[in-house]
Amino acid sequence: MTRITKRFRTLNRSLHLQSQRETSNSWNSQMRELAKHGHYRQSLHLYRRLLRSGGSPTAFTFPFALKSCAALSLPAAGAQLHAHAVRAGCEPDPFVQTALIAMYCRCGSVENARKVFDESPQSKTLTVCYNALIAGYVYNSQMENGIVLFLRMRELDVWVNAVTVLGLVPGFTDPVHLGFGRCVHGFTVRCGLEMDFSVGNCLLTMYVRCGSIELARNLFDGMPMKELITWNAMISGYAQNGLATHVLELYREMESSGISPDPVTLVGVLSSCANLGARKVGLKVEQQVECSGLGFNPFLKNALINMHARCGNLARARAIFDDMTEKNLVSWTAIVGGYGVHGQGEIAVGLFDEMTKSGIQPDGTVFVSILSACSHAGLTDKGLDYFALMERDYGLKPGPEHYACMVDLLGRAGRLAEAQGLIESMPVETDGSVWGALLGACKIHRNVELAELAFDRVIKLEPMNTGYYVLMSNIYTEAENSEGVLRVRMMMRERKLIKDIGCSYIEYKGRNHLFMAGDRSHPQTEEIYRILNELEGLVKELSGYKKNYQERRNEELVSGIGVHSEKLAIAFGLLNTGLGMEILVIKNLRICGDCHLFIKLVSKIVDRQFIVRDATRFHHFEGGACSCNDYW
DNA sequence: TTAGGGTTAG
């Protein structure tokens, strides 16, 4: 062979190799782009095309293909890729190993992931491999294994980075995890990882999930720089813990610090508007949603349905719901629950049936909504039917929350013995809510004997919940059993329990004005009390109220609680908005019988509709014909 | 390998 021929062949081979390299580079970059943008099927399709065209996958090819298998949960395809990687000699590559571990974990086969990890001596020194396996354990709810591996990493002095923490910490989701979560937090502080935005946000969410909102807030306050996700984590944390006023305060703070909200922020804010009945803020958010072109976000649409329903505008909630092209389970739950709190059980039932007919599988949450809708509307038998088909037709095991709804349903209908029987036959562990529901029913039907039994059980389960003591004390008061009242109050004193301070909010000009019982801190206090005295004078004139009113008033004076907070809120509303108003009062306690009557009579006097909300439901008070859709 | 979302009774 001549030198020229030899050189030509060498050149040709090198050109061939170069072109193959260029080709696989091009395949790889295309696959990466597709996988990066979530087009996993197309990415895998490209991999198959690469093989068909006779190309050879490289160590750069496998991570993208494996990631696609993981995202699509295709264990068989993933295992096939594993075999290809071994054949191509790419398995020892750290990126391939990491991708293999992640793929097996995402496909639910942690054992295979562990095998990949154990069989490679180098993986035991590589942070990325530990990270993938720790995140995989957490993903598969094997927290203990995740923690053990993390500790092993520390023991072997393997470098721990932010991703290690981000893989492990989301697994701390329960108060029992708080101790270890705090240790990991301490570790991040010591090695300076806390300053990483992602780590800080992740720890913040961990505290929220473990039920320690105060620690979350401490961390939040200590962060020198807060990005949108940080604000969102804190806002959502408050929203999920029912601290709606904190959400609105923080949202205001966020806006004034110049950060623009995104859909995640607005969802949290809308959910809090719903809880508070803060209609004005809710409407402002709705405008923002429309202006910013976020109106198509399904999360936001569901949050808007909920907000409108809870803030009294069921028609608007329904319009948004009807307008949705793709209604998911949460959309149905929101609208069913909306009709439920408005006492329109028949419509709620119709919607629920429509939902199941459309092929959507109900879950435990939507059953809570429909059972409570039946309960509030007096559809007792219908509720019993739904409860029965929950497990029979949908394989959903009723939890204590469903039993609490059923006890409430039977209890309101006066079927107290059946309610008690249901609790005693519960196959799941009971909690305070179930006996609490029975206690509530005993109050409606004035059954002191059964109330004593329910009270005895409920305080064993929730000894620190003041609401139940107050409820029992009120039952004794109504039964004119002063010994009983004294006994309950003594119990509260012995246990150092202080009754939550009742407070009412009223939304005026987009802000919530808060009043507590006997409150005199509001700048308009003098005028508020003047209006209140006038109103009290007027309601006293109405027959049947005078004697009762005076007795109650004396009781208030003796107990030293002063004027109830709802009255102050109503007086504030009338003072500032005159008669053409719609009032939203939100309480964290039940409206007592006296205030209920007071509001009802005031609505008659001023001939206007009031919408009053307590912690759990709406009450409509209309002037003229009173249409209270309530039960006491 | 990696941080933040909607619906729930009493």
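Just so it is clear: chains get the letters A, B, ... in the order the sequence lines come, proteins before strands, and each one is counted from 1.
As a whole-Å value, the separation of A/Phe150 CZ from B/dT2 P is 16 Å. Atom pair A/Phe220:CZ and B/dA3:P shows a separation of 20 Å (rounding to whole Å applied). Protein atom CE of A/Met307 is 16 Å distant from nucleotide atom P of B/dG6, rounded to whole Å. In this structure, CH2 of A/Trp435 is placed 17 Å from C1' of B/dA9, rounded to the nearest angstrom. Separating the CG atom of A/Asn131 from the P atom of B/dA3 is a distance of 12 Å, rounded to the nearest angstrom. Rounded to an integer number of Å, the gap from A/Tyr207 OH to B/dA3 C1' is 15 Å. If you measure from atom CD of A/Glu194 to atom C1' of B/dT2, you get 17 Å, rounded to the nearest angstrom. In this structure, A/Asp196 atom CG and B/dT2 atom P are separated by 14 Å, rounded to whole Å.
Considering only side-chain atoms of A/Ser271, the nucleotide from B/dT7, B/dG10, B/dG4 that sits closest is B/dT7. If you check B/dG10, B/dG4, B/dT7 against the side chain of A/Asn306, the one that comes closest is B/dT7. Which of B/dT8, B/dT1, B/dG10 sits closest to the side chain of A/Arg310 comes down to B/dT8. Taking only side-chain atoms of A/Pro170, from C-beta outward, the nucleotide of B/dG10, B/dG5, B/dA3 with the closest atom is B/dA3. Side-chain atoms of A/Val330 lie closest to B/dG6 of the nucleotides B/dG6, B/dG10, B/dT1. Listed nucleotides: B/dT1, B/dG5, B/dA9. Nearest to the side chain of A/Val267: B/dG5. Candidate nucleotides B/dG4, B/dT8, B/dT2 were compared by shortest atom distance to the side chain of A/Val368, and B/dT8 ranks first. You'll find that the side chain of A/Phe197 is closest to B/dA3, out of B/dT7, B/dA3, B/dT1. Distances were taken from every side-chain heavy atom of A/Leu166 (C-beta onward) to each of B/dG5, B/dG10, B/dT2; the shortest belongs to B/dT2. Comparing B/dA3, B/dT1, B/dA9 by their closest approach to the side chain of A/Ala102 singles out B/dT1.
Remark: the A/Arg217 side chain and the A/Tyr238 side chain contain an N/O donor-acceptor pair separated by less than 3.5 Å. Looking at A/Asn302 and A/Ser331, their side chains do bring a donor and an acceptor atom within 3.5 Å of each other.
The side chain of A/Gln97 contributes no N or O atom lying less than 4.0 Å from OP1 or OP2 of B/dT1. The phosphate of B/dT8 has neither OP1 nor OP2 within less than 4.0 Å of any side-chain N or O from A/His376. Distances shorter than 4.0 Å separate some side-chain N or O of A/Gln240 from OP1 or OP2 on B/dG5. For B/dG10, one of the phosphate oxygens OP1 or OP2 lies less than 4.0 angstrom from a side-chain nitrogen or oxygen of A/Arg412.
In this structure, A/Phe299 does not count as stacked on the base of B/dG6 under the 5.5 Å centre distance and 30° plane angle limits.
Nucleic acid contact for A/Ala303: none, since no nucleic acid atom lies under 4.0 Å from a heavy atom of the residue. Across all strands shown, A/Thr365 has heavy atoms under 4.0 Å from base atoms, whether or not it also approaches the sugar-phosphate. Counting non-hydrogen atoms under 4.0 angstrom, A/Glu227 reaches a base of the nucleic acid. At a threshold of 4.0 angstrom between heavy atoms, the contacts of A/Ala437 are confined to the sugar-phosphate backbone, with no base atom among them. Base contact: A/Asn297 has a heavy atom under 4.0 Å from a base atom. As judged by a 4.0 angstrom heavy-atom cut-off over every strand, A/Asp262 is placed among the base-contacting residues.
Relative orientation of the A/Trp332 and A/Phe321 rings is perpendicular, given thresholds of 30° and 60° on the angle between their planes.
The side-chain contact (heavy atoms from CB on, under 4.5 Å) test with A/Leu304 is passed by exactly one of A/Val285, A/Leu270, A/Asn297: A/Leu270.
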Using the ring-ring contact (aromatic ring centres under 6.0 Å, His included) rule, take A/Tyr469 and A/Phe455 through it: C-alpha gap first, then chi angles, then the decisive distance, then the call.
CA-CA 8 Å; A/Tyr469 295 86; A/Phe455 177 65; 5.6 Å; yes
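A donor-acceptor contact under 3.5 Å links the side chain of A/Asn328 to the base of B/dG6.
With values rounded to the nearest 0.5 angstrom, A/Met307 atom CE is found 7.0 Å from A/Ile320 atom CD1.
When side chains are defined from C-beta on, A/Thr98 does not count as touching A/Pro63, because their heavy atoms never get closer than 4.5 Å.
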